[in-house]
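Heads up: the structure comes next, in structure tokens.
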Amino acid sequence: MEIKKPLFGLDVSPIDAATELHSFSRDMQSYYNVVHGHLIGKLDRCEDSAELSKLKAELQVVNQKLAYFKVLNNAASTANVVLHTPDMIEELGTVK
């Protein structure tokens with residue numbers, strides 16, 4: 001019985017995929033930090049109770065997305081660091 005090494009299912013190396021995921025999740029986390037700040041500023045100026053409720057609901061959604069991208073960014077960062085070690089580069093191929 002021949003034992004076959006698994007193949008990565010994307011057209012890029014796992015190292016490149018991890019780098020891209022890390023960059024994307026970091027950028028999305030930054031984006032939602034900006035959106036969060038924008039909503040906080042609007043909340044501070046809001047005097048209409050209906051608009052205030054709407055802004056609080058939006059802020060709750062943004063906070064949840066921010067939490068997800070923070071976790072994803074941390075995980076992708078860890079994967080990126082591990083995949084860029086000499087042993088993993090040797091195993092998976094060169095880095096661009």
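Count residues from 1 along the sequence. All values reported here derive from a predicted model rather than from experimental measurement.
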Above 12 or not: heavy atoms from other molecules or residues under 6.0 Å from CZ of Phe8? yes

With a cut-off of 6.0 Å (strictly less than), are more than 12 heavy atoms of other residues, nucleotides or ligands near CG of Asp11?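 12 or below, so no.
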
Side chain to side chain donor-acceptor pair (under 3.5 Å) contacts touching residues 31-43 (sequence neighbours left out): His36-Asn63

Which atoms form the tightest heavy-atom contact between [X] and [Y], and what is the distance?
| X | Y | answer |
| --- | --- | --- |
| Ser77 | His22 | CB-NE2, 3.4 Å |
| Arg26 | Asn73 | CB-OD1, 3.6 Å |
| Ile89 | Leu83 | CG1-O, 3.8 Å |
| Ala76 | Ser25 | CB-OG, 4.0 Å |

Sequence neighbours excluded, which residues qualify as salt bridge (charged side-chain N to carboxylate O under 4.0 Å, His left out) partners of Lys5? Glu91

Are side-chain heavy atoms of Leu43 and Leu39 found at a separation under 4.5 Å?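 Not touching, per the 4.5 Å side-chain cut-off.
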
With sequence neighbours left out, write down each residue that passes side chain to side chain donor-acceptor pair (under 3.5 Å) with Thr19, or none if nothing qualifies.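 Thr19 satisfies side chain to side chain donor-acceptor pair (under 3.5 Å) with Asn80 once adjacent residues are dropped.
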
Connected-component partners of Leu7 among ILVMFWY, side-chain separation under 4.5 Å: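 None, because no other hydrophobic side chain comes under 4.5 Å of this residue.
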
Exam field: side chain Ser23 to backbone Glu20, donor-acceptor pair closer than 3.5 Å: no

Taking distance alone, no hydrogens or angles, what donor-acceptor pairs closer than 3.5 Å link side-chain atoms of residues 46-60 to residues at least two apart or in another chain?
from	atom 1	to	atom 2	distance (Å)
Asp48	OD2	Glu51	N	3.0
Ser53	OG	Ser49	O	3.2

Would you say Val61 and Ile40 are hydrophobically clustered, going by side-chain heavy atoms of ILVMFWY under 4.5 Å?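 Val61 does not cluster with Ile40.
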
If hydrophobic clusters are built from ILVMFWY residues whose side chains come within less than 4.5 Å, do Val12 and Val81 share one?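 Looking at the clustering, Val81 is in a separate group from Val12.
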
Sequence neighbours left out, cut at 3.5 Å: what donor-acceptor pairs do the side chains of residues 64-72 make with other protein atoms?
from	atom 1	to	atom 2	distance (Å)
Gln64	NE2	Tyr68	OH	3.3

